[in-house]
2 protein chains.
Amino acid sequence: MDKTAFLSQAEQHCLRLGNRLTALRRQVLELVLGYPGVVKAYQVLADLQKERGVAAPPTVYRALDFLVENGLLHRVEALNGFIVCEHFDCPHEGLILVCARCGGVTELDATGPMAALRDASAAAGFAVAPQNLVLTGTCQSCQA
Amino acid sequence: MDKTAFLSQAEQHCLRLGNRLTALRRQVLELVLGYPGVVKAYQVLADLQKERGVAAPPTVYRALDFLVENGLLHRVEALNGFIVCEHFDCPHEGLILVCARCGGVTELDATGPMAALRDASAAAGFAVAPQNLVLTGTCQSCQA
DNA sequence: CTGGTGATGTTATAGGATAACATTCAACTC
DNA sequence: GAGTTGAATGTTATCCTATAACATCACCAG
Ligand SMILES: [Zn+2]
Ligand SMILES: [Zn+2]
Ligand SMILES: [Zn+2]
Ligand SMILES: [Zn+2]
């Protein structure tokens with residue numbers, strides 16, 4: 001999907017959820033889209049400052065939080081970063097693989113393994129909520 | 001296992017790995033043991049300062065890193081915290097279940113499910129690094 | 001116009017982690 | 001015992017990440 005189409009669909013997606021993809025939020029999403037993999041909040045902030053002149057942390061954090069809440073981004077806790085979700089329109093439990101060396105990201109279907117995790121947790125009385133799984137490691141091209 | 005026995009076994013465990021559980025490291029481990037769930041580095045730092053008078057962040061971070069490397073603690077990335085590993089003597093990867101309602105934490109051995117995830121990822125050319133899995137959900141007592 | 005609501009701007013600070021260098025300690029050699 | 005070496009710890013400073021608190025603005029309904 002090309003960038004323009006993605007942004008357009010993202011806007012529709014937000015509307016369906018009853019939220020607005022404002023100019024600022026759209027700009028932030030566009031900046032994140034400019035990276036192949038994981039982006040950090042302060043990186044986006046720096047980019048935003050180049051385009052707008054001024055911007056403070058809360059500006060970018062609020063936009064990023066909005067995008068995460070609306071399913072357009074995933075937060076990668078282990079790396080203090082964010083990645084674009086390529087298929088925000090279909091509800092999914094993705095397996096997100098993040099390369100620790102190049103920052104590249106791959107999403108796999110993890111239905112089977114997730115079910116196994118859910119079963120193991122249920123046996124301990126714990127109800128696992130729907131969520132994405134983020135694993136770090138090394139991608140194919142970074143394996144020496 | 002009671003605290004003294006745990007510390008004693010932890011010391012033996014480190015020795016087997018060719019490392020030393022020094023007084024400082026032991027003290028930090030003891031402080032973490034004092035908490036039922038997730039502890040943060042700066043909380044440990046504060047405790048350490050109460051007991052020693054002075055202590056700086058690197059002191060506690062180095063000790064925590066050592067304990068993680070030796071399998072006595074797990075780092076919970078998503079929460080910027082650490083938990084004690086109750087079964088450090090058998091190699092495993094933790095499945096850490098965090099209750100969204102009460103904040104309680106349970107650790108399961110996720111070696112099996114992790115192997116499944118690793119296989120699925122390997123099929124995509126991705127080498128998953130050893131790590132803990134953090135899942136959110138609802139614990140038994142919080143399920144109404 | 002006016003009040004209310006959501007979004008954004010602004011300032012300041014809290015919270016988490018590490019770099020770089022100095023010092024001390026334990027163990028091993030001579 | 002003195003000297004040497006590498007690991008561990010102390011110390012200072014700084015960077016990165018994230019949010020609190022409050023002010024302002026844009027928009028729309030009444
Ligand atoms: Zn996704
Ligand atoms: Zn890579
Ligand atoms: Zn464990
Ligand atoms: Zn609970």
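Throughout, protein chains are lettered first and strands after them, A, B, ... in sequence-line order, and every chain is numbered starting at 1. Note that this is a predicted model, so its numbers are computed, not measured.
- Under the 30°/60° scheme for interplanar angles, the aromatic rings of A:Phe88 and A:Phe6 are found to stand perpendicular.
- The shortest distance between the side-chain N/O atoms of B:Thr22 and the OP1/OP2 oxygens of D:dA8 is not below 4.0 Å.
- For A:Arg75, whose side chain is taken as the heavy atoms from C-beta onward, the closest listed nucleotide among C:dG9, C:dT11, D:dA18 is D:dA18.
- Separating the CZ atom of B:Arg25 from the P atom of C:dA26 is a distance of 13 Å, rounded to the nearest angstrom.
- As a whole-Å value, the separation of B:Glu69 CD from D:dA7 C1' is 14 Å.
- Between A:Leu48 atom CG and C:dT8 atom P there is a gap of 11 Å when expressed in whole angstrom units.
- Under a 3.5 Å cut-off, the side chain of B:Gln49 and the backbone N or O of B:Ala55 do form a donor-acceptor pair.
- Rounded to whole angstrom, the span from the OH atom of B:Tyr61 across to the C1' atom of D:dA13 amounts to 16 Å.
- A salt bridge does not link B:Glu30 to B:Lys3: none of the charged nitrogens lies less than 4.0 Å from a carboxylate oxygen.
- Contact between the side-chain N/O atoms of B:Lys40 and the OP1/OP2 oxygens of C:dG15 is not found at any separation under 4.0 Å.
- Across the protein-nucleic acid pair, B:Leu17 atom CG and D:dA7 atom P stand 17 Å apart, rounded to whole Å.
- For A:Arg62 and C:dT10, the shortest distance from a side-chain N or O to OP1 or OP2 is not below 4.0 Å.
- Under the 3.5 Å distance criterion, the side-chain polar atoms of B:Gln143 are matched with a main-chain donor or acceptor of A:Gly125.
- Between A:Asn80 and D:dC16 there is no side-chain polar atom (N or O) within less than 4.0 angstrom of OP1 or OP2.
- Between A:Tyr42 and D:dC16, a side-chain N or O to OP1/OP2 separation shorter than 4.0 Å is absent.
- Note: CZ (B:Arg20) to P (D:dA7) measures 11 Å, nearest angstrom.
- When distances are taken from the side chain of A:Pro58 to each of C:dT10, D:dA18, C:dT8, the shortest belongs to C:dT10.
- A:Asp65 places its CG atom 13 Å from the P atom of C:dA7, with the value rounded to the nearest Å.
- Looking at B:Asn80 and B:Tyr42, their side chains never bring a donor and an acceptor atom within 3.5 Å of each other.
- Contact between the side-chain N/O atoms of A:Thr59 and the OP1/OP2 oxygens of C:dT8 is not found at any separation under 4.0 Å.
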